[in-house]
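Below you'll find the structure, written out as C-alpha coordinates, and then a few comments.
By convention in this document, chain letters (A, B, ...) are assigned in the order of the sequence lines, proteins followed by strands, and residues within each chain are numbered from 1.
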There are 2 protein chains.
Amino acid sequence: MKPKTRKEEIIKTSAILFKEKGFSAVTMRDIAKFMGIKAASLYNHISSKQEILSNIIISLAEQFTYGMDKIQNSHKSSIDKLNYIVELHVSITSNNTDGMASLNNDWMHLKDELEYYLKLRLDYEENFRHIIEQGIKNEELKNANAEAMLFSMLSTLRSLYIWIPNKDDLNTSKLASDLSHVLLTGIIK
Amino acid sequence: MKPKTRKEEIIKTSAILFKEKGFSAVTMRDIAKFMGIKAASLYNHISSKQEILSNIIISLAEQFTYGMDKIQNSHKSSIDKLNYIVELHVSITSNNTDGMASLNNDWMHLKDELEYYLKLRLDYEENFRHIIEQGIKNEELKNANAEAMLFSMLSTLRSLYIWIPNKDDLNTSKLASDLSHVLLTGIIK
DNA sequence: AATTTTAACTAACGATTGTTAGTTGTTCTT
DNA sequence: AAGAACAACTAACAATCGTTAGTTAAAATT
(Lines give C-alpha, C1' and ligand atoms only; values in the text may rest on other atoms or scores of the structure.)
Protein backbone atom coordinates (compact mmCIF):
# COMPACT_ATOMS: atom_id res chain seq x y z
CA MET A 1 0.00 0.00 0.00
CA LYS A 2 2.98 2.36 0.42
CA PRO A 3 3.55 4.40 -2.74
CA LYS A 4 6.49 3.08 -4.70
CA THR A 5 6.86 5.53 -7.56
CA ARG A 6 6.88 9.31 -7.36
CA LYS A 7 3.63 9.34 -9.30
CA GLU A 8 2.01 7.17 -6.66
CA GLU A 9 3.24 9.57 -3.98
CA ILE A 10 1.60 12.46 -5.82
CA ILE A 11 -1.66 10.55 -6.09
CA LYS A 12 -1.61 9.58 -2.44
CA THR A 13 -0.85 13.15 -1.35
CA SER A 14 -3.54 14.52 -3.63
CA ALA A 15 -6.12 12.13 -2.18
CA ILE A 16 -5.37 13.43 1.31
CA LEU A 17 -5.84 17.02 0.20
CA PHE A 18 -8.89 16.26 -1.97
CA LYS A 19 -10.53 14.67 1.05
CA GLU A 20 -10.01 17.82 3.10
CA LYS A 21 -11.23 20.44 0.64
CA GLY A 22 -12.46 18.68 -2.47
CA PHE A 23 -10.84 18.41 -5.89
CA SER A 24 -11.76 21.91 -7.10
CA ALA A 25 -10.45 23.72 -4.04
CA VAL A 26 -7.04 22.02 -4.10
CA THR A 27 -4.47 23.63 -6.38
CA MET A 28 -1.44 22.05 -7.98
CA ARG A 29 0.60 24.41 -5.79
CA ASP A 30 -1.11 23.00 -2.68
CA ILE A 31 -0.15 19.47 -3.69
CA ALA A 32 3.41 20.48 -4.50
CA LYS A 33 3.87 22.43 -1.28
CA PHE A 34 2.69 19.44 0.73
CA MET A 35 5.42 17.38 -0.93
CA GLY A 36 8.07 20.07 -0.53
CA ILE A 37 8.50 20.74 -4.23
CA LYS A 38 7.26 23.25 -6.82
CA ALA A 39 4.04 22.87 -8.80
CA ALA A 40 5.81 22.60 -12.14
CA SER A 41 7.81 19.63 -10.87
CA LEU A 42 4.65 17.58 -10.56
CA TYR A 43 4.43 17.51 -14.34
CA ASN A 44 7.56 15.38 -14.56
CA HIS A 45 5.39 12.57 -13.20
CA ILE A 46 1.80 13.28 -14.16
CA SER A 47 0.28 14.92 -17.19
CA SER A 48 -2.59 16.84 -15.60
CA LYS A 49 -4.66 17.39 -12.49
CA GLN A 50 -7.36 15.37 -14.21
CA GLU A 51 -5.06 12.38 -14.44
CA ILE A 52 -4.58 12.43 -10.66
CA LEU A 53 -8.31 12.44 -10.07
CA SER A 54 -9.08 9.66 -12.50
CA ASN A 55 -6.28 7.51 -11.10
CA ILE A 56 -7.81 7.84 -7.64
CA ILE A 57 -11.40 7.23 -8.66
CA ILE A 58 -11.21 4.66 -11.44
CA SER A 59 -8.97 2.24 -9.58
CA LEU A 60 -11.36 2.26 -6.62
CA ALA A 61 -14.43 1.90 -8.80
CA GLU A 62 -12.84 -1.09 -10.52
CA GLN A 63 -12.09 -2.71 -7.17
CA PHE A 64 -15.78 -2.51 -6.30
CA THR A 65 -16.78 -3.90 -9.67
CA TYR A 66 -14.35 -6.77 -9.36
CA GLY A 67 -15.51 -7.57 -5.83
CA MET A 68 -19.17 -7.48 -6.80
CA ASP A 69 -18.54 -9.83 -9.72
CA LYS A 70 -16.94 -12.34 -7.39
CA ILE A 71 -19.89 -12.11 -4.99
CA GLN A 72 -22.41 -12.51 -7.80
CA ASN A 73 -20.68 -15.67 -8.98
CA SER A 74 -20.35 -17.16 -5.52
CA HIS A 75 -23.72 -18.98 -5.41
CA LYS A 76 -24.17 -18.18 -1.74
CA SER A 77 -27.43 -17.24 -0.02
CA SER A 78 -28.69 -13.68 -0.41
CA ILE A 79 -27.82 -12.89 3.18
CA ASP A 80 -24.30 -14.21 2.77
CA LYS A 81 -23.92 -12.09 -0.35
CA LEU A 82 -25.01 -9.00 1.58
CA ASN A 83 -22.50 -9.80 4.30
CA TYR A 84 -19.77 -10.09 1.69
CA ILE A 85 -20.75 -6.71 0.26
CA VAL A 86 -20.32 -5.15 3.68
CA GLU A 87 -16.92 -6.81 3.99
CA LEU A 88 -15.99 -5.58 0.52
CA HIS A 89 -16.73 -1.98 1.43
CA VAL A 90 -14.94 -2.19 4.77
CA SER A 91 -11.93 -3.75 3.14
CA ILE A 92 -11.56 -1.33 0.22
CA THR A 93 -12.36 1.71 2.34
CA SER A 94 -9.96 0.87 5.16
CA ASN A 95 -7.16 0.53 2.63
CA ASN A 96 -7.85 3.92 1.03
CA THR A 97 -10.05 6.20 3.13
CA ASP A 98 -8.71 9.31 1.42
CA GLY A 99 -9.44 8.09 -2.08
CA MET A 100 -12.95 7.10 -1.08
CA ALA A 101 -13.72 10.75 -0.38
CA SER A 102 -12.94 11.60 -4.00
CA LEU A 103 -14.94 8.64 -5.27
CA ASN A 104 -17.95 9.89 -3.33
CA ASN A 105 -17.64 13.64 -3.77
CA ASP A 106 -15.55 14.45 -6.83
CA TRP A 107 -16.58 11.94 -9.47
CA MET A 108 -18.51 14.65 -11.34
CA HIS A 109 -15.22 16.39 -12.13
CA LEU A 110 -14.02 13.46 -14.20
CA LYS A 111 -13.83 14.31 -17.90
CA ASP A 112 -12.79 11.53 -20.29
CA GLU A 113 -13.64 8.77 -17.83
CA LEU A 114 -16.90 10.16 -16.46
CA GLU A 115 -19.07 7.97 -18.65
CA TYR A 116 -17.05 4.86 -17.80
CA TYR A 117 -17.30 5.63 -14.09
CA LEU A 118 -21.06 6.14 -14.31
CA LYS A 119 -21.46 2.80 -16.05
CA LEU A 120 -19.47 1.01 -13.36
CA ARG A 121 -21.54 2.68 -10.66
CA LEU A 122 -24.85 1.91 -12.32
CA ASP A 123 -23.91 -1.73 -12.85
CA TYR A 124 -22.80 -2.00 -9.23
CA GLU A 125 -26.09 -0.61 -7.98
CA GLU A 126 -28.10 -2.89 -10.23
CA ASN A 127 -26.24 -5.94 -9.00
CA PHE A 128 -26.80 -4.83 -5.42
CA ARG A 129 -30.50 -4.29 -6.11
CA HIS A 130 -30.78 -7.70 -7.74
CA ILE A 131 -29.33 -9.42 -4.68
CA ILE A 132 -31.89 -7.71 -2.45
CA GLU A 133 -34.80 -8.50 -4.77
CA GLN A 134 -33.66 -12.10 -4.97
CA GLY A 135 -33.53 -12.21 -1.17
CA ILE A 136 -37.12 -11.03 -0.97
CA LYS A 137 -38.24 -13.71 -3.45
CA ASN A 138 -36.25 -16.32 -1.49
CA GLU A 139 -38.06 -15.18 1.61
CA GLU A 140 -34.70 -14.58 3.24
CA LEU A 141 -35.54 -10.90 3.46
CA LYS A 142 -38.69 -9.07 4.52
CA ASN A 143 -41.19 -8.27 1.80
CA ALA A 144 -40.68 -4.54 2.30
CA ASN A 145 -39.51 -1.51 0.32
CA ALA A 146 -36.51 -2.88 -1.61
CA GLU A 147 -35.35 0.57 -2.67
CA ALA A 148 -35.28 1.75 0.93
CA MET A 149 -33.19 -1.29 1.86
CA LEU A 150 -30.75 -0.65 -0.97
CA PHE A 151 -30.56 3.03 -0.19
CA SER A 152 -29.95 2.49 3.49
CA MET A 153 -27.19 -0.04 2.98
CA LEU A 154 -25.50 1.85 0.17
CA SER A 155 -25.61 5.18 2.01
CA THR A 156 -24.04 3.66 5.09
CA LEU A 157 -21.36 1.80 3.17
CA ARG A 158 -20.49 4.82 1.06
CA SER A 159 -20.05 6.94 4.17
CA LEU A 160 -17.60 4.50 5.74
CA TYR A 161 -14.65 6.67 4.74
CA ILE A 162 -15.84 9.31 7.19
CA TRP A 163 -16.15 6.90 10.06
CA ILE A 164 -13.24 4.53 9.66
CA PRO A 165 -10.40 6.99 10.28
CA ASN A 166 -11.85 7.76 13.71
CA LYS A 167 -11.67 4.13 14.76
CA ASP A 168 -7.95 4.02 15.50
CA ASP A 169 -8.00 0.49 16.93
CA LEU A 170 -9.13 -0.77 13.58
CA ASN A 171 -10.30 -4.34 13.67
CA THR A 172 -11.82 -4.54 10.22
CA SER A 173 -13.51 -7.91 10.65
CA LYS A 174 -15.23 -6.86 13.88
CA LEU A 175 -16.22 -3.60 12.23
CA ALA A 176 -17.70 -5.45 9.28
CA SER A 177 -19.64 -7.90 11.46
CA ASP A 178 -20.99 -5.17 13.78
CA LEU A 179 -22.09 -3.19 10.78
CA SER A 180 -23.65 -6.18 9.05
CA HIS A 181 -25.55 -6.95 12.19
CA VAL A 182 -26.99 -3.44 12.44
CA LEU A 183 -27.79 -3.20 8.73
CA LEU A 184 -29.38 -6.62 8.40
CA THR A 185 -31.11 -7.20 11.73
CA GLY A 186 -31.80 -3.61 12.78
CA ILE A 187 -31.41 -2.05 16.18
CA ILE A 188 -34.69 -2.82 17.97
CA LYS A 189 -34.64 -5.55 20.58
CA MET B 1 -40.77 28.01 0.02
CA LYS B 2 -40.74 30.02 -3.23
CA PRO B 3 -38.05 32.72 -3.10
CA LYS B 4 -39.56 36.12 -2.45
CA THR B 5 -36.63 38.50 -2.62
CA ARG B 6 -33.96 38.63 -5.29
CA LYS B 7 -31.44 37.56 -2.69
CA GLU B 8 -33.45 34.42 -1.99
CA GLU B 9 -33.53 33.69 -5.71
CA ILE B 10 -29.74 33.92 -5.85
CA ILE B 11 -29.42 31.59 -2.89
CA LYS B 12 -31.85 29.08 -4.37
CA THR B 13 -30.09 29.15 -7.75
CA SER B 14 -26.70 28.82 -6.11
CA ALA B 15 -27.84 25.78 -4.14
CA ILE B 16 -28.87 24.06 -7.38
CA LEU B 17 -25.48 24.71 -8.94
CA PHE B 18 -23.53 23.89 -5.76
CA LYS B 19 -25.28 20.54 -5.67
CA GLU B 20 -24.17 19.76 -9.21
CA LYS B 21 -20.52 20.72 -9.01
CA GLY B 22 -19.73 21.78 -5.46
CA PHE B 23 -19.17 25.27 -4.05
CA SER B 24 -15.59 25.67 -5.29
CA ALA B 25 -16.31 24.68 -8.87
CA VAL B 26 -19.22 27.10 -9.26
CA THR B 27 -18.28 30.64 -10.23
CA MET B 28 -20.19 33.83 -9.68
CA ARG B 29 -20.45 34.01 -13.47
CA ASP B 30 -22.10 30.57 -13.49
CA ILE B 31 -24.71 31.70 -10.99
CA ALA B 32 -25.35 34.94 -12.86
CA LYS B 33 -25.62 33.22 -16.25
CA PHE B 34 -28.18 30.79 -14.83
CA MET B 35 -30.27 33.78 -13.75
CA GLY B 36 -29.81 35.63 -17.03
CA ILE B 37 -27.81 38.50 -15.57
CA LYS B 38 -24.14 39.51 -15.21
CA ALA B 39 -21.93 38.46 -12.31
CA ALA B 40 -21.45 41.99 -11.03
CA SER B 41 -25.20 42.40 -10.69
CA LEU B 42 -25.27 39.72 -8.02
CA TYR B 43 -23.49 42.12 -5.71
CA ASN B 44 -26.49 44.42 -5.60
CA HIS B 45 -28.12 41.72 -3.47
CA ILE B 46 -25.38 39.77 -1.72
CA SER B 47 -22.02 40.82 -0.36
CA SER B 48 -19.93 37.78 -1.25
CA LYS B 49 -19.93 34.19 -2.47
CA GLN B 50 -19.28 33.23 1.16
CA GLU B 51 -22.52 34.85 2.23
CA ILE B 52 -24.47 32.66 -0.19
CA LEU B 53 -22.88 29.51 1.19
CA SER B 54 -23.42 30.41 4.83
CA ASN B 55 -27.04 31.34 4.17
CA ILE B 56 -27.64 27.91 2.67
CA ILE B 57 -25.85 25.93 5.33
CA ILE B 58 -26.54 27.74 8.58
CA SER B 59 -30.29 27.96 8.11
CA LEU B 60 -30.46 24.20 7.49
CA ALA B 61 -28.19 23.39 10.42
CA GLU B 62 -30.39 25.50 12.70
CA GLN B 63 -33.50 23.68 11.50
CA PHE B 64 -31.93 20.39 12.56
CA THR B 65 -30.88 21.83 15.91
CA TYR B 66 -34.36 23.19 16.54
CA GLY B 67 -36.00 19.89 15.58
CA MET B 68 -33.66 17.87 17.76
CA ASP B 69 -34.33 20.13 20.73
CA LYS B 70 -38.05 19.54 20.35
CA ILE B 71 -37.53 15.78 20.18
CA GLN B 72 -35.29 15.80 23.23
CA ASN B 73 -37.90 17.63 25.25
CA SER B 74 -40.77 15.41 24.10
CA HIS B 75 -40.45 12.73 26.81
CA LYS B 76 -41.36 9.99 24.37
CA SER B 77 -39.85 6.50 24.27
CA SER B 78 -36.42 6.09 22.67
CA ILE B 79 -37.92 4.37 19.66
CA ASP B 80 -40.47 7.15 19.18
CA LYS B 81 -37.65 9.68 19.36
CA LEU B 82 -35.74 7.82 16.67
CA ASN B 83 -38.84 7.76 14.49
CA TYR B 84 -39.20 11.51 14.93
CA ILE B 85 -35.58 11.99 13.93
CA VAL B 86 -36.21 10.12 10.68
CA GLU B 87 -39.27 12.29 10.08
CA LEU B 88 -37.23 15.40 10.82
CA HIS B 89 -34.63 14.51 8.20
CA VAL B 90 -37.21 13.54 5.58
CA SER B 91 -39.12 16.76 6.19
CA ILE B 92 -36.16 19.17 6.07
CA THR B 93 -34.52 17.38 3.17
CA SER B 94 -37.62 17.18 1.00
CA ASN B 95 -38.08 20.93 1.39
CA ASN B 96 -34.52 21.74 0.34
CA THR B 97 -32.71 18.87 -1.38
CA ASP B 98 -30.30 21.23 -3.11
CA GLY B 99 -29.21 22.99 0.06
CA MET B 100 -28.66 19.65 1.78
CA ALA B 101 -25.94 18.88 -0.73
CA SER B 102 -24.03 21.97 0.42
CA LEU B 103 -24.61 21.13 4.06
CA ASN B 104 -23.09 17.71 3.51
CA ASN B 105 -20.30 18.49 1.09
CA ASP B 106 -19.32 22.15 1.34
CA TRP B 107 -19.42 22.99 5.04
CA MET B 108 -15.62 23.05 5.14
CA HIS B 109 -15.63 26.13 2.92
CA LEU B 110 -17.41 28.18 5.52
CA LYS B 111 -15.17 30.87 7.01
CA ASP B 112 -16.63 33.04 9.77
CA GLU B 113 -19.36 30.56 10.62
CA LEU B 114 -17.35 27.35 10.39
CA GLU B 115 -16.88 27.07 14.13
CA TYR B 116 -20.55 27.75 14.80
CA TYR B 117 -21.58 25.13 12.27
CA LEU B 118 -19.23 22.55 13.79
CA LYS B 119 -20.68 23.18 17.23
CA LEU B 120 -24.23 22.69 15.97
CA ARG B 121 -23.23 19.48 14.24
CA LEU B 122 -21.38 18.11 17.25
CA ASP B 123 -24.28 18.89 19.57
CA TYR B 124 -26.69 17.25 17.17
CA GLU B 125 -24.62 14.09 17.01
CA GLU B 126 -24.26 13.96 20.77
CA ASN B 127 -28.00 14.29 21.28
CA PHE B 128 -28.55 11.54 18.71
CA ARG B 129 -25.98 9.32 20.43
CA HIS B 130 -27.60 9.96 23.80
CA ILE B 131 -31.00 8.83 22.54
CA ILE B 132 -29.50 5.56 21.27
CA GLU B 133 -27.57 4.93 24.49
CA GLN B 134 -30.70 5.63 26.51
CA GLY B 135 -32.60 3.16 24.34
CA ILE B 136 -30.02 0.48 25.08
CA LYS B 137 -30.27 1.13 28.84
CA ASN B 138 -34.08 1.07 28.57
CA GLU B 139 -33.78 -2.27 26.82
CA GLU B 140 -35.78 -0.84 23.95
CA LEU B 141 -32.74 -1.33 21.70
CA LYS B 142 -30.33 -4.22 21.32
CA ASN B 143 -27.24 -4.16 23.51
CA ALA B 144 -24.98 -3.85 20.47
CA ASN B 145 -22.44 -1.43 19.03
CA ALA B 146 -24.05 1.98 19.67
CA GLU B 147 -21.59 3.80 17.42
CA ALA B 148 -22.43 1.50 14.53
CA MET B 149 -26.13 2.20 15.09
CA LEU B 150 -25.56 5.93 15.15
CA PHE B 151 -23.31 5.83 12.13
CA SER B 152 -25.71 3.73 10.09
CA MET B 153 -28.72 5.93 10.82
CA LEU B 154 -26.87 9.19 10.38
CA SER B 155 -25.22 8.14 7.13
CA THR B 156 -28.53 7.10 5.66
CA LEU B 157 -30.35 10.22 6.79
CA ARG B 158 -27.58 12.50 5.57
CA SER B 159 -27.68 10.89 2.14
CA LEU B 160 -31.42 11.45 1.75
CA TYR B 161 -30.83 14.46 -0.50
CA ILE B 162 -29.42 12.12 -3.15
CA TRP B 163 -32.36 9.78 -3.02
CA ILE B 164 -35.37 12.01 -2.53
CA PRO B 165 -35.26 13.87 -5.88
CA ASN B 166 -35.56 10.52 -7.67
CA LYS B 167 -38.82 9.71 -5.92
CA ASP B 168 -41.08 11.93 -7.98
CA ASP B 169 -44.32 10.66 -6.43
CA LEU B 170 -43.12 12.00 -3.11
CA ASN B 171 -45.22 10.79 -0.22
CA THR B 172 -43.02 11.99 2.60
CA SER B 173 -44.84 10.23 5.40
CA LYS B 174 -44.70 6.85 3.63
CA LEU B 175 -41.05 7.47 2.83
CA ALA B 176 -40.32 8.23 6.47
CA SER B 177 -42.16 5.18 7.74
CA ASP B 178 -40.56 2.81 5.22
CA LEU B 179 -37.16 4.19 6.10
CA SER B 180 -37.78 3.98 9.84
CA HIS B 181 -38.85 0.39 9.42
CA VAL B 182 -35.67 -0.56 7.58
CA LEU B 183 -33.39 1.37 9.91
CA LEU B 184 -34.97 0.18 13.15
CA THR B 185 -36.05 -3.40 12.43
CA GLY B 186 -33.57 -4.35 9.71
CA ILE B 187 -34.18 -6.23 6.53
CA ILE B 188 -33.94 -9.90 7.53
CA LYS B 189 -37.18 -11.82 7.86
C1' DA C 1 -43.69 65.98 -11.11
C1' DA C 2 -39.63 65.29 -8.55
C1' DT C 3 -36.93 62.18 -6.12
C1' DT C 4 -35.33 58.09 -4.23
C1' DT C 5 -34.69 53.18 -4.69
C1' DT C 6 -33.96 49.06 -7.10
C1' DA C 7 -31.51 46.28 -10.11
C1' DA C 8 -29.36 45.87 -14.04
C1' DC C 9 -25.11 47.16 -16.89
C1' DT C 10 -19.81 47.87 -18.75
C1' DA C 11 -15.18 47.85 -17.61
C1' DA C 12 -11.64 46.67 -15.13
C1' DC C 13 -8.59 45.28 -10.96
C1' DG C 14 -5.19 42.19 -8.79
C1' DA C 15 -4.78 37.54 -7.53
C1' DT C 16 -4.73 32.87 -8.63
C1' DT C 17 -5.35 28.98 -11.75
C1' DG C 18 -3.37 24.81 -14.58
C1' DT C 19 0.18 24.27 -17.48
C1' DT C 20 4.47 24.78 -20.67
C1' DA C 21 9.30 25.74 -21.85
C1' DG C 22 13.75 25.48 -20.93
C1' DT C 23 17.50 24.55 -17.56
C1' DT C 24 20.36 22.24 -13.97
C1' DG C 25 22.12 18.97 -10.93
C1' DT C 26 22.10 14.22 -9.40
C1' DT C 27 21.77 9.25 -9.96
C1' DC C 28 21.73 5.05 -12.59
C1' DT C 29 23.46 2.34 -16.60
C1' DT C 30 26.92 1.05 -19.65
C1' DA D 1 34.45 7.79 -17.38
C1' DA D 2 30.60 8.99 -20.54
C1' DG D 3 25.89 9.17 -21.47
C1' DA D 4 21.12 8.62 -20.38
C1' DA D 5 17.39 9.08 -17.31
C1' DC D 6 15.36 11.19 -13.52
C1' DA D 7 13.53 14.86 -10.86
C1' DA D 8 13.99 19.05 -9.34
C1' DC D 9 14.17 24.16 -10.57
C1' DT D 10 12.93 29.37 -12.45
C1' DA D 11 10.08 31.99 -15.26
C1' DA D 12 6.29 32.83 -17.51
C1' DC D 13 1.79 32.16 -20.26
C1' DA D 14 -3.21 32.83 -21.08
C1' DA D 15 -7.38 32.11 -18.78
C1' DT D 16 -10.30 32.67 -15.13
C1' DC D 17 -11.39 34.00 -10.40
C1' DG D 18 -14.11 37.11 -6.86
C1' DT D 19 -14.94 41.61 -6.49
C1' DT D 20 -15.19 46.94 -7.03
C1' DA D 21 -16.32 51.34 -9.26
C1' DG D 22 -19.12 53.98 -11.71
C1' DT D 23 -23.20 54.36 -14.75
C1' DT D 24 -28.03 53.91 -16.45
C1' DA D 25 -32.78 52.88 -16.97
C1' DA D 26 -37.03 51.63 -14.90
C1' DA D 27 -40.08 51.35 -10.83
C1' DA D 28 -41.71 52.95 -6.42
C1' DT D 29 -42.35 56.63 -3.30
C1' DT D 30 -43.08 61.25 -2.04
For the student: nearest non-hydrogen atoms of B/S41 and B/H45, plus distance: O-CD2, 3.6 Å
Charged N to carboxylate O under 4.0 angstrom, A/R158 versus A/E125? yes
For C/dA8, does OP1 or OP2 lie under 4.0 Å from any side-chain N or O of B/K38? no
Atom-pair distance (CE on A/M28; P on D/dA12), nearest Å: 21 Å
Using a 4.0 Å heavy-atom cut-off across all strands, classify A/T27 as base, sugar-phosphate, or nothing. sugar-phosphate
Which whole-number value in Å describes the distance from B/K7 NZ to C/dT5 C1'? 18 Å
Is A/H45 close enough to D/dC6 that one of its side-chain N or O atoms is under 4.0 Å from OP1 or OP2 there? no
For A/S24 and A/N44, find the nucleotide of DNA chain C closest to each by heavy atoms; which residue's nucleotide sits nearer the 5' end? A/S24
May I ask you to decide whether A/K7 forms a salt bridge with A/E51, counting only side-chain N to carboxylate O separations under 4.0 Å? yes
Any A/S41 side-chain nitrogen or oxygen under 4.0 Å from OP1 or OP2 of D/dC9: yes
Expressed as a whole number of angstroms, how long is the span from A/I31:CD1 to C/dT17:C1'? 12 Å
What is the distance, to the nearest angstrom, from the OH atom on A/Y43 to the P atom on C/dT19? 3 Å
To the nearest angstrom, how far is A/I37 atom CD1 from C/dT26 atom P? 18 Å
Whole-Å distance separating the CE atom of B/M35 from the P atom of C/dA8: 7 Å
Over-ring placement of B/K49 relative to B/F23, 6.0 Å and 45° cut-offs: yes
What's the CD-C1' distance between A/E9 and D/dA7, to the nearest Å? 12 Å
Taking the minimum atom-to-atom distance to the side chain of B/K49, which one of D/dG18, C/dA7, D/dA8 wins? D/dG18
Just checking A/R29: base, sugar-phosphate only, or nothing, at a heavy-atom cut-off of under 4.0 Å? base
Between P on D/dG18 and CD1 on B/I46, what's the gap in Å once rounded to a whole number? 10 Å
Might you work through the side chain to side chain contact (heavy atoms under 4.5 Å, CB included) test for B/I131 and B/M68, ending with a clear yes or no? CA-CA 11 Å; B/I131 291 172; B/M68 178 62 89; 4.2 Å; yes
